[in-house]
S.K.: 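Right, I'll just put the structure down here and ask away after.
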Amino acid sequence: MQHYSGFGLVKHALSHHENWQRQWRNPTPKKEYDVIIVGGGGHGLATAYYLAKVHGITNVAVIEKGWLGGGNTARNTTIVRSNYLWDESAALYEHSMKLWEGLSQDLNYNVMFSQRGVLNLGHTLQDMRDIQRRVNANRLNGIDGEVLDTKGVQDIVPIMDCSKNARYPVMGASWQPRAGVARHDAVAWGYARGADARGVDILQQTEVTGFKIHDGRVVGVHTNRGDIGAKTVGCVASGNSGVLAKMAGFKLPIESHPLQALVSEPLKPVLDTVVMSNHVHGYISQSDKGDLVIGAGIDGYVGYGQRGSYATVEHTLQAIVEMFPIFSRVRMNRQWGGIVDTCPDACPILSATPVKGLFFNCGWGTGGFKATPGSGHIFAATLAKGKAHPLAAPFSIDRFHTGALVDEHGAAGVAH
Amino acid sequence: MFHIYCPYCEEHREEEEFHPKGQAHIQRPVDPEACSDEAWGDYLFFRDNPRGIHHELWVHAVGCRKFFNITRHTVSYEILETYKMGEKPSITAADLSEKDKQAGVQAASGGWQTVGARPESEALNKEARA
């Protein structure tokens with residue numbers, strides 16, 4: 001693997017940047033792998049990377065039906081935070097946050113992780129009580145957080161309408177300074193490059209069409225490029241997890257919904273943090289390129305079409321303009337939908353399944369991007385050892401039968 | 001944006017008047033006190049979620065406020081039929097063409113089916129936790 005550095009940049013400038021090595025190979029599938037990962041998004045590539053780096057398992061293939069990071073990795077609003085209420089999810093997302101903090105160095109790839117802070121606004125007395133409870137819980141779990149009053153919010157975001165005349169006046173917010181945003185494509189590419197350098201085969205344009213199952217144990221997958229054998233298979237396919245589960249003969253407690261987002265035309269720097277509001281229901285940040293990155297709620301119906309209804313976009317922008325009247329005449333540039341796999345308790349599933357050797361990492365719903373490094377790290381350990389990593393144990397699929405849900409819905413600033 | 005035919009109002013109205021309420025035809029266990037945790041968990045949480053033909057419950061929230069069913073394609077989003085509560089869908093898996101089947105189009109299988117109701121899964125989950 002070609003090491004990236006400032007010196008390399010200068011050196012390649014002399015040859016007009018025409019001799020950079022390709023970041024990963026385009027290999028022909030082998031007959032058999034130790035581990036196959038289905039899904040070449042951020043989580044899948046991170047899993048492959050940590051399998052190779054931490055566990056020394058390099059006979060690994062990542063199978064992706066489209067191109068790398070072309071699903072939800074490319075379609076999210078890039079927010080990274082770890083201020084979740086319950087101990088189980090706080091541990092999971094904080095594990096991820098700690099990996100984010102050293103990720104660019106670890107990957108030798110600039111993922112542009114910018115810890116510009118996240119505000120979760122409170123608009124009602126109950127919002128503020130919930131915020132205080134959550135911030136206290138976060139602090140007990142070693143996660144940074146502060147409760148701000150209206151003035152504190154106004155100091156951080158002077159352009160927001162914090163007046164008493166607002167339709168939903170801002171009463172305060174929780175503030176996590178270590179939270180922020182990262183460059184989503186770079187995360188997928190950085191992990192792909194690191195995994196490839198350690199021997200992982202990344203098979204793009206390869207679609208899994210079924211599982212080879214013998215005596216209740218998975219022995220490989222059928223693909224549109226032929227059958228590939230495997231001792232262990234990990235599925236990390238976000239919105240299409242349910243489709244894969246159906247192929248393997250079981251169901252998941254998941255519904256796939258479109259989640260839309262949009263970006264505006266590029267503006268000069270105007271917003272240097274991330275603002276989220278559950279009550280008015282929208283979230284916004286400004287990318288390094290200058291566009292406002294905006295998102296809100298899912299479309300309520302089941303859908304796989306990577307698009308949603310315009311009414312949802314309209315509601316989202318109503319919320320943004322309510323909070324930021326200054327943006328009322330900003331024009332929107334692009335709008336898209338991703339398919340999110342939502343769980344009843346808004347927490348992921350990292351779990352063994354009824355098929356031996358087949359593991360699922362799914363159900364991240366509307367907030368998977370922030371978990372990319374942690375999810376990959378923990379799922380790699382689960383695949384390598386064949387049993388759940390301690391941080392993954394509470395997120396087993398059997399919680400939907402025991403009743404031990406990790407109910408983050410509404411608890412953790414999960415807005416959907 | 002959907003243009004939905006309400007079988008009670010007998011009119012097409014805009015999507016904004018309706019709310020989707022999830023999978024249709026979910027049968028509550030006949031005797032909840034006696035059913036297993038697995039059957040109860042399946043009833044509460046496990047859903048069809050097909051990539052293809054889906055039967056779902058909608059409510060005409062700011063119209064007649066009645067619940068009814070829609071059969072809809074979850075990739076093209078095409079509304080194939082709407083029908084009243086208590087009626088059966090006329091478009092089901094049997095209507096999938098060979099071409100659809102080969103392309104991996106799925107159809108809702110109805111009712112609940114389950115991870116948990118399989119006897120081996122509890123042992124597996126225990127194994128995974130150990």
Side-chain angles (χ1 to χ4, degrees), chain A residues 207 209-210 216 239-247 249-258 299-312 314-315 339 341-345 350-356 359 382 386-388 390 392-394 396-403 405, chain B residues 1-2 14-23 36-52 54-58 70 72-79 102-109 112-130:
Chain A
E207 184 172 356
T209 53
N240 280 307
S241 298
V243 178
L244 289 171
K246 229 171 176 154
M247 288 177 192
F250 57 88
K251 269 192 198 175
L252 294 171
I254 278 180
E255 285 193 324
S256 298
H257 292 278
D299 283 70
Y301 48 81
V302 170
Y304 287 91
Q306 295 191 320
R307 65 191 185 284
S309 297
Y310 288 114
T312 309
E314 192 179 355
H315 290 311
I339 302 305
D341 39 346
T342 55
C343 252
D345 60 354
L350 284 144
S351 181
T353 69
V355 179
K356 280 185 191 160
F359 295 83
T382 304
K387 63 173 190 179
S396 163
I397 197 168
D398 70 346
R399 72 178 188 270
F400 297 98
H401 293 127
T402 62
L405 304 186
Chain B
M1 176 72 90
F2 296 143
E14 283 192 6
E15 179 188 340
E16 281 281 80
E17 294 191 10
F18 301 85
H19 287 306
K21 291 289 178 183
Q23 184 184 330
S36 67
D37 287 353
E38 282 71 25
W40 188 247
D42 283 354
Y43 161 67
L44 285 181
F45 300 123
F46 286 72
R47 295 292 178 262
D48 249 340
N49 201 27
R51 189 188 172 91
H54 192 224
H55 309 296
E56 51 199 16
L57 199 59
W58 286 67
I70 292 183
R72 198 173 52 87
H73 196 291
T74 57
V75 181
S76 70
Y77 295 175
E78 185 189 356
I79 294 173
Q102 272 167 13
V105 176
Q106 299 176 332
S109 51
W112 69 88
Q113 168 216 12
T114 138
V115 173
R118 295 179 167 213
E120 70 271 22
S121 72
E122 196 180 341
L124 267 179
N125 286 325
K126 269 191 192 128
E127 198 179 290
R129 276 198 308 263

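Throughout, protein chains are lettered first and strands after them, A, B, ... in sequence-line order, and every chain is numbered starting at 1. All heavy atoms count here, side chains included; hydrogens, waters and symmetry mates do not.
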S.K.: Give, for atom OG1 of A/T312 and atom CD of B/E16, the distance between the pair rounded to the nearest 0.5 Å.
M.R.: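 Rounded to the nearest 0.5 Å, the OG1-CD separation comes to 7.5 Å.
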
S.K.: Are the side chains of A/L405 and B/F45 in touch, meaning some heavy atoms are under 4.5 Å apart?
M.R.: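 A side-chain contact under 4.5 Å exists here.
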
S.K.: I'd like to know whether A/H401 forms a side chain to side chain contact (heavy atoms under 4.5 Å, CB included) with B/D42, so could you lay out the CA-CA distance, the side-chain angles of the two residues, the decisive distance to 0.1 Å, and finally the verdict.
M.R.: CA-CA 7 Å; A/H401 293 127; B/D42 283 354; 2.8 Å; yes

S.K.: When only pairs under 4.5 Å are counted, which of A/C343, A/G210, A/G305 shares the most heavy-atom pairs with chain B?
M.R.: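 Option with the top pair count is A/G305.
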
S.K.: Which region of A/H315, side chain (C-beta onward) or backbone (N, CA, C, O), has a non-hydrogen atom less than 4.5 Å from a non-hydrogen atom of chain B, or is it both or neither?
M.R.: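 For A/H315, the contact with chain B is made by the side chain alone.
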
S.K.: If I measure from the heavy atoms of chain B, does A/D341 come under 4.5 Å with its side chain, its backbone, both, or neither?
M.R.: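 The answer is neither part of A/D341.
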
S.K.: For the residue pair B/G22 and A/E255, what are the closest heavy atoms and their distance?
M.R.: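 Shortest heavy-atom separation between B/G22 and A/E255 comes out as CA-OE2, 4.4 Å.
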
S.K.: Between A/P253 and B/F46, what is the shortest heavy-atom contact and its length?
M.R.: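 So the minimum-distance heavy-atom pair works out to CD-CE2, 3.5 Å.
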
S.K.: How long is the straight-line distance from CD of B/E56 back to OH of A/Y301, given to the nearest 0.5 Å?
M.R.: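 Reported value, rounded in 0.5 Å steps: 9.5 Å.
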
S.K.: Chain A: which of B/E15, B/E14, B/R47 shares the most heavy-atom pairs with it under 4.5 Å?
M.R.: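 Ranked by heavy-atom pairs under 4.5 Å with chain A, first place is B/R47.
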
S.K.: Any non-hydrogen side-chain atom of A/V302 less than 4.5 Å from a side-chain atom of B/N49?
M.R.: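 Touching, per the 4.5 Å side-chain cut-off.
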
S.K.: Could you report the tightest heavy-atom contact between B/P20 and A/G300, atom names first, then the distance?
M.R.: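 Smallest heavy-atom distance, with atoms named: CG-C, 3.4 Å.
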
S.K.: Name the option with the most non-hydrogen atom pairs under 4.5 Å to chain B; the candidates are A/S256, A/G239, A/A245.
M.R.: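 Ranked by contacts with chain B, first place is A/S256.
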
S.K.: Can you tell which of A/P258, A/G403, A/A392, A/G303 has the highest number of heavy-atom pairs within less than 4.5 Å of chain B?
M.R.: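 The residue among A/P258, A/G403, A/A392, A/G303 with the greatest pair count is A/G303.
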
S.K.: B/Y77 versus A/R307: any side-chain heavy-atom pair under 4.5 Å?
M.R.: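 Yes; the side chains approach each other to less than 4.5 Å.
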
